[in-house]
Amino acid sequence: MIGKYSDIEKKWKKYWQDQATYKVDIDHDKPKYYVLDMFPYPSGAGLHVGHPLGYIASDIFSRYKRMTGYNVLHPMGFDAFGLPAEEYALQTGIHPAVSTKENMQRYREQLSNLGFSFDWSRELYTCDPKYYKWTQWIFTELYKHYFDNQTQRAHPIDELIKIFEKEGNTKVDVANTQDESFSASEWSTYDEVTREAILMNYRLAYRKVGYVNWCEELGTVLANDQVKDGISERGGHPVVQKAMTQWYLRITAYADRLLNDLESIDWSHSLKTIQRNWIGKSEGCSIFFNVKDSDETIEIFTTRADTIFGATYMVLAPEHDLVKQLTTDDQRESVEQYVAYVKSKSEVERMAEKEVTGAFIGAYAINPFTNTEIPIWIGEYVLKDYGTGAIMAVPSDDDRDKLFATKFGLEIIDVVDKSKYPGATLKDKVGVIINSGFLNGLEVPEAIIAAHHKVEELKIGKAVSNYKLRDANFSRQRYWGEPFPVTYDSKGIVNMVEQEHLPVMLPDTDDFKPGKGGQSPLSRITDWANPSVGISRETDTMPAVAGSSWYFLRYMDPHNDQEFASQEAVNYWQSVDLYVGGSEHAVAHLMYSRFWHKFLHDKGLVPTNEPFKKLVNQGMIQGVIEFIFLDKTIDTPKTFVSADLVEDLESNRYAKIPVHVDFVTNYGSPNSHLNSEGIEKFIAWRPEYTDAVFKFKEGTYQKNNAENSTGDKVNMLTLSEVGKMSKSKFNVINPDEVTAKYGTDCFRMYEMFLGPIEQSKPWDTNGIDGVSKFLKKFIELFYSNEEFNLDESSASSQELKILHTAIKKVRSDIENFSFNTSISAMMVAVNELRKLKCNKRQILDPFVRLIAPFAPFVSEEIWTLLGNKNSIHHADYPAHDESYLVEDQISYPICINGKKRGIEEFAKNMSNDDISKIVLELDYVAKWIDGKTIKRVIVVPGRMVNVVI
RNA sequence: GCCGAAGUGGCGGAAUUGGUAGACGCGCUGGAUUCAAAAUCCAGUUCUUUCGGGAGUGCGGGUUCGAUUCCCGCCUUCGGUACCA
């Protein structure tokens with residue numbers, strides 16, 4: 001019999017490596033095909049069973065493409081910068097570079113164990129200075145460019161400076177964050193600092209003030225992920241929004257192109273919709289409102305200028321620049337209280353807040369159409385970064401405004417009569433305008449246009465497009481990321497490090513604690529941060545999304561030290577033909593990559609306008625997440641409560657803290673709990689909870705406390721939820737154990753057999769036996785009496801039909817990424833060939849090639865036993881012959897009123913009339929008719945018969 | 001809240017354009033083999049039933065000769081929500 005799986009796998013892994021079976025180079029004689037996986041972040045937990053789902057699918061597809069004659073680029077690498085490694089360093093003192101290197105090594109081994117056909121000679125990782133040199137370089141190029149709205153592309157900033165010198169900024173139509181206008185002569189009087197500050201507002205990489213999650217107690221900035229229910233996940237301390245000057249990328253400049261070009265790419269409808277909604281283009285109008293007794297004006301954005309006569313108050317975002325200034329003394333206290341309340345909440349919490357909250361600031365604006373005074377409020381439902389951070393509130397025609405007005409007793413004036421449109425909601429832009437002066441009697445769509453004209457005529461605003469998309473915050477107050485290639489001189493003027501001096505190396509340190517006032521740990525490395533007198537470096541680092549925004553290009557030419565990739569390489573490989581990855585990257589990574597790619601395209605450095613032609617989202621393999629409850633009302637000692645003691649899971653009193661599933665007994669079941677051992681492991685893992693008390697029904701547990709309950713009596717129930725398998729949820733399951741037991745081919749096929757690739761499903765090792773048995777049965781076809789033995793005689797038509805049915809189905813299923821059904825098709829074929837005791841070469845030789853992309857090891861082994869010298873993975877993929885599949889008899893289900901009552905065989909070419917005649921004479925059909933009149937007989941050729949009575 | 005997706009036996013899932021609901025596999029039941037067990041093989045397995053049938057693809061409606069599939073209204077779960085990647 002065939003050898004042990006582990007021996008076979010070892011043998012062929014070595015062979016593929018020695019023979020460079022999967023290495024590719026530019027080859028103009030073959031069509032190219034680029035298959036890419038979203039590269040993994042190498043977490044300390046190792047690869048989990050969810051990761052390979054997409055990799056297996058893309059590997060099957062790559063192997064299929066290779067066997068059908070393509071030159072396939074199928075690389076792999078690592079997204080190696082990121083927060084978890086830094087958190088780990090803070091906990092353990094182990095340098096992120098060290099832990100990351102170890103983790104990558106582990107991933108590399110795990111990946112190669114899974115039999116993927118990666119060209120490892122092209123491997124890259126984002127924390128490699130040879131790689132991030134070019135990440136930094138692209139950043140400097142973004143800095144050196146601005147975006148022209150007319151040409152819809154990036155241009156060198158020098159061109160803009162020339163325009164300013166000639167005519168100031170009043171006529172330019174370019175993407176910007178510049179508020180004031182200036183003339184050419186004014187420009188000529190500006191000093192360098194002023195000019196640079198102005199240019200900053202036009203660059204594609206620029207600085208401005210943004211908000212971060214600030215935790216005073218920890219002295220650090222936190223990721224949204226590290227904040228739960230308004231407190232820090234680590235330690236449970238309060239978190240507030242704090243203003244900081246940071247780098248941003250002007251992705252909004254590309255909003256229209258990012259939106260329009262979606263039409264040119266083969267992505268799922270849902271993914272495109274997500275991106276479209278994320279960009280969130282809306283056509284509307286900006287309008288300036290005067291403020292009573294003040295020189296200030298407030299700019300609002302609205303898509304419903306037609307309802308302005310119903311604007312009875314205004315709402316500003318609590319962070320709006322004018323709030324402080326416009327708040328009257330008698331309102332100051334309540335406003336400050338309210339602003340503090342809002343600052344304690346994250347944006348998601350603000351949006352999800354069902355309770356209506358707000359505060360009156362004491363000032364009044366003038367409605368420019370009615371000339372009435374309307375009160376100015378602040379409210380959390382208005383976001384600083386959306387639109388202008390201020391709205392005119394029309395409570396009669398907007399749901400949220402209505403709730404707000406009702407709660408605070410504000411005036412409501414009906415301005416849209418919807419009586420002509422029964423069933424229309426406030427969201428529908430229909431109705432006839434009333435109570436609105438010159439707009440009265442107009443239908444809403446015409447009224448919107450009329451209102452826009454009026455606004456422009458009065459010079460109080462203009463029709464504009466607004467986007468939900470915001471510029472990307474590109475600064476992280478962290479150590480483990482790409483350093484910015486940026487220095488500041490004594491005047492604060494920015495200098496980009498030139499290409500010949502790149503990369504700016506990330507300095508070494510053994511102290512990863514944050515700097516003063518939330519600065520990056522790099523600020524503590526003073527000789528690096530201040531390289532010479534009067535010169536300081538940017539000490540923030542780039543986010544993880546930086547390195548992943550262009551890595552797909554680097555794979556084309558990964559070792560180039562002169563350019564990010566050669567023109568020869570990018571012109572041959574063009575762009576990614578098939579990209580496989582999780583839909584959780586739908587907006588961040590996939591939006592930024594498209595943006596960077598378009599920018600490089602503008603510079604003529606890549607030939608394509610879009611980076612990923614076709615994209616397939618693999619679903620997530622879900623895991624079980626286990627939580628315990630932290631009582632937020634008790635500060636010392638920290639107190640955890642068993643899940644069965646928490647009456648209201650939604651209550652604000654408790655914070656859900658995820659626990660590593662390895663610590664939990666009976667995980668995933670209703671009885672999942674921590675015993676004393678589990679609690680000790682939890683404490684060792686989360687030292688900040690060393691002194692915590694754990695309360696459960698039967699008693700309490702606290703480390704080193706003599707009064708502890710012991711043994712089985714410690715029953716700290718955990719809450720189990722199905723959710724994503726992720727390093728941050730501590731619930732990963734390792735594929736190594738599975739492959740060790742069943743073999744890699746079996747693991748690969750089982751993951752595919754679980755269900756459709758794009759669907760999420762919880763992991764369950766039960767069931768893998770079926771695939772294991774199938775592979776055994778398949779191998780047994782080649783053996784008789786323990787000997788490898790094939791019949792050289794010609795196959796019967798029945799055998800050929802079985803084979804070609806499978807070939808046809810498997811091929812079309814691969815093209816459709818329906819791998820679960822292709823595996824069932826092969827199972828069916830094996831079962832049938834087994835019944836026929838078929839061991840003919842004419843059948844089994846194509847069959848082993850058919851299965852090769854799925855089971856690369858076993859098929860390679862059998863391929864040599866069949867006497868072949870070259871790898872099966874460069875053999876030809878079988879094609880089906882339709883002539884073996886024709887049927888002369890077709891079986892029809894016979895239905896009475898749509899319900900199946902029997903099955904009959906008819907000749908393929910029999911006419912509908914003949915069929916219905918025979919059907920009506922059948923005994924059981926006659927019994928159903930039984931005196932009733934036959935209304936119709938429907939014969940669907942080749943499908944079914946339905947008798948309607 | 002907003003955006004996207006999913007919901008079919010005990011479980012994972014299958015079902016070209018609207019045409020046999022439950023392919024394939026797990027599990028379970030019974031049998032064969034065995035001193036016994038594992039493994040293997042064979043048969044059965046949506047529920048219900050007065051054994052004629054009846055019901056059934058998250059829930060409630062609708063279109064149709066016929067709906068898992070199309071339309072309207074809900075419910076639940078999952079992903080994203082801009083600093084996890």
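Residue numbers start from 1 in every chain, and the chains themselves are labelled A, B, ... in the order their sequence lines are given, proteins ahead of strands. Keep in mind that the numbers below use all heavy atoms, side chains included, and drop hydrogens, waters and symmetry copies. Here the structure is a predicted model, which is why all the values come from computation and not from measurement.
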*Asks:* Using 30° and 60° as the class boundaries, would you call the ring planes of A:F906 and A:Y892 parallel, tilted or perpendicular?
*Replies:*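 A:F906 vs A:Y892 ring planes: perpendicular.
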*Asks:* Nearest-nucleotide wise, let me know which of A:N224 and A:A825 is further upstream toward the 5' end of RNA chain B.
*Replies:* A:A825
*Asks:* Going by the angle between their ring planes, with limits at 30° and 60°, are A:W247 and A:F484 parallel, tilted or perpendicular?
*Replies:*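 Parallel: the ring planes of A:W247 and A:F484 meet at under 30°.
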*Asks:* Taking atom types as they are modelled, would you say the side chain of A:Q275 forms a donor-acceptor pair with the base of B:C3 within the 3.5 Å cutoff?
*Replies:*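 By the distance-only test, no, there is no pair.
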*Asks:* Name the pairing partner of B:A67, where a pair is Watson-Crick or G-U wobble with both distances under 3.5 Å, or state none.
*Replies:* none
*Asks:* Can you tell me the base-pairing partner of B:U50? Count Watson-Crick or G-U wobble geometry only, both distances below 3.5 Å, and say none if there is no partner.
*Replies:* none
*Asks:* Taking any heavy-atom pair under 4.0 Å as a contact, classify A:L271: base, sugar-phosphate, or nothing.
*Replies:* nothing
*Asks:* Does B:A39 have a Watson-Crick or wobble partner in any strand here, with both distances under 3.5 angstrom, and which is it?
*Replies:*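 With both distances under 3.5 Å required, B:A39 matches none.
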*Asks:* Base, sugar-phosphate, or nothing: which does A:P40 touch, judged by heavy atoms less than 4.0 Å apart?
*Replies:*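 Result for A:P40 = nothing.
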*Asks:* Who does B:C83 pair with, Watson-Crick or G-U, both distances under 3.5 Å?
*Replies:* none
*Asks:* Below 30° counts as parallel, above 60° as perpendicular, anything between as tilted: where do the rings of A:Y254 and A:F595 land?
*Replies:* tilted
*Asks:* Parallel, tilted or perpendicular: which one describes the rings of A:F819 and A:F817, with boundaries at 30° and 60°?
*Replies:* perpendicular
*Asks:* Does A:R470 put a side-chain nitrogen or oxygen below 4.0 Å from OP1 or OP2 of B:A82?
*Replies:*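 Answer no for this pair, as no side-chain N or O of A:R470 is under 4.0 Å from OP1 or OP2.
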*Asks:* Which base, if any, makes a Watson-Crick or G-U wobble pair with B:U76, both distances under 3.5 Å?
*Replies:* B:A6
*Asks:* Using atom C1' in both nucleotides, what's the gap between B:U16 and B:C71 to the nearest angstrom?
*Replies:* 22 Å
*Asks:* Does a side-chain N or O from A:R834 land closer than 4.0 Å to OP1 or OP2 of B:C41, or not?
*Replies:*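 Checking B:C41 against A:R834, a side-chain N or O does come within under 4.0 Å of OP1 or OP2.
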*Asks:* Provide the distance between the two P atoms, one in B:U68 and one in B:C41, to the nearest whole Å.
*Replies:* 36 Å
*Asks:* Can you check whether A:N617 has a side-chain N or O nearer than 4.0 Å to OP1 or OP2 of B:G4?
*Replies:* no
*Asks:* Ignoring hydrogens and geometry beyond distance, is the side chain of A:Q477 in donor-acceptor contact with the base of B:C83 at under 3.5 Å?
*Replies:* yes
*Asks:* What's the closest nucleotide to the side chain of A:R936 if the choices are B:C26, B:C65, B:C24?
*Replies:*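 Minimum distance to the A:R936 side chain belongs to B:C65.
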*Asks:* Mind checking if A:V940 touches a base, just sugar-phosphate, or nothing, with heavy atoms under 4.0 Å?
*Replies:*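 The residue A:V940 makes base contact.
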*Asks:* Just checking, is any N or O donor in the side chain of A:D471 or A:T252 under 3.5 Å from an acceptor N or O on the other one?
*Replies:*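 Short answer, yes.
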*Asks:* Go ahead and name the base partner of B:U33; Watson-Crick or wobble counts if both distances stay under 3.5 Å, otherwise write none.
*Replies:* none
*Asks:* Pick base, sugar-phosphate or nothing for A:I768, based on heavy-atom distances below 4.0 Å to the nucleic acid.
*Replies:* nothing
*Asks:* Using only modelled atom types and a 3.5 angstrom limit, is any donor from either the side chain of A:N946 or the base of B:C65 paired with an acceptor on the other?
*Replies:*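 Indeed there is one.
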*Asks:* Could you please name the partner base of B:G18, counting Watson-Crick and G-U wobble pairs only when both distances are under 3.5 Å?
*Replies:*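 In the structure as shown, B:G18 has no Watson-Crick or wobble partner.
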*Asks:* Which part of the nucleic acid does A:Q246 contact within heavy-atom distance under 4.0 Å: base, sugar-phosphate only, or nothing?
*Replies:* base
*Asks:* Between B:G9 and B:A23, how far apart are the P atoms? Round to whole Å, please.
*Replies:*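 Between the two P atoms, the distance is 13 Å.
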*Asks:* Whole angstroms only, please: what is the CE-P distance between A:M542 and B:A82?
*Replies:* 22 Å
*Asks:* Within the structure shown, what part of the strands sits under 4.0 Å from A:D385 by heavy-atom distance: base, sugar-phosphate, or nothing?
*Replies:* nothing
*Asks:* Measure CZ/A:R250 against C1'/B:A82 and give the value in whole Å, please.
*Replies:*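 For the pair A:R250 CZ and B:A82 C1', the rounded distance is 17 Å.
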*Asks:* What's A:M944 touching, base or sugar-phosphate or nothing? Going by heavy atoms closer than 4.0 Å.
*Replies:*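 The residue A:M944 makes base contact.
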*Asks:* Touch check for A:N277, heavy atoms < 4.0 angstrom, all strands: base, sugar-phosphate only, or nothing?
*Replies:* sugar-phosphate
*Asks:* Under 4.0 Å, counting only non-hydrogen atoms across every strand here, what does A:L83 touch: a base, just sugar-phosphate, or nothing?
*Replies:* sugar-phosphate
*Asks:* Whole angstroms only, please: what is the NZ-P distance between A:K761 and B:A14?
*Replies:* 9 Å
*Asks:* When you match A:N820 and A:F39 each to their closest nucleotide on RNA chain B, which lands nearer the 5' end?
*Replies:* A:N820
*Asks:* Who does B:C28 pair with, Watson-Crick or G-U, both distances under 3.5 Å?
*Replies:*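 Paired with B:C28, as far as the under-3.5 Å criterion goes, is B:G44.
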*Asks:* Could you tell me if A:S548 and A:D79 have a donor-acceptor pair between their side chains, going purely by distance under 3.5 Å?
*Replies:*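 Side-chain D/A pair, A:D79 to A:S548: absent.
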*Asks:* What is the separation between atom CE on A:M38 and atom C1' on B:A85, rounded to the nearest whole Å?
*Replies:* 11 Å
*Asks:* Contact class for A:H589 vs. all strands (heavy atom < 4.0 Å): base, sugar-phosphate, or nothing?
*Replies:* nothing
*Asks:* Would you kindly check if the NZ (Lys) or CZ (Arg) of A:R250 is within the cone defined by 45 degrees around the ring axis of A:Y206 and under 6.0 Å from the six-membered ring centre?
*Replies:*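 Yes; both conditions hold, so A:R250 lies above the ring face of A:Y206.
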*Asks:* Write down the distance separating the C1' atoms in B:U57 and B:U69, rounded off to the nearest Å.
*Replies:*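 Here B:U57 and B:U69 have their C1' atoms 10 Å from each other.
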*Asks:* Under 4.0 Å, counting only non-hydrogen atoms across every strand here, what does A:A544 touch: a base, just sugar-phosphate, or nothing?
*Replies:*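 Sugar-phosphate, no base atom in range.
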*Asks:* Name the nucleic acid region contacted by A:K468, choosing base, sugar-phosphate or nothing; use a 4.0 angstrom heavy-atom cut-off, strictly under.
*Replies:*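 If one applies the 4.0 Å heavy-atom cut-off, A:K468 turns out to touch a base.
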*Asks:* Expressed in angstrom and rounded to an integer, what is the separation of A:K384 atom NZ from B:A82 atom P?
*Replies:* 17 Å
*Asks:* Students often mix this up, so state it plainly: with edges at 30° and 60°, are the rings of A:Y551 and A:Y579 parallel, tilted or perpendicular?
*Replies:*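 Judged by the thresholds at 30° and 60°, the geometry between A:Y551 and A:Y579 is tilted.
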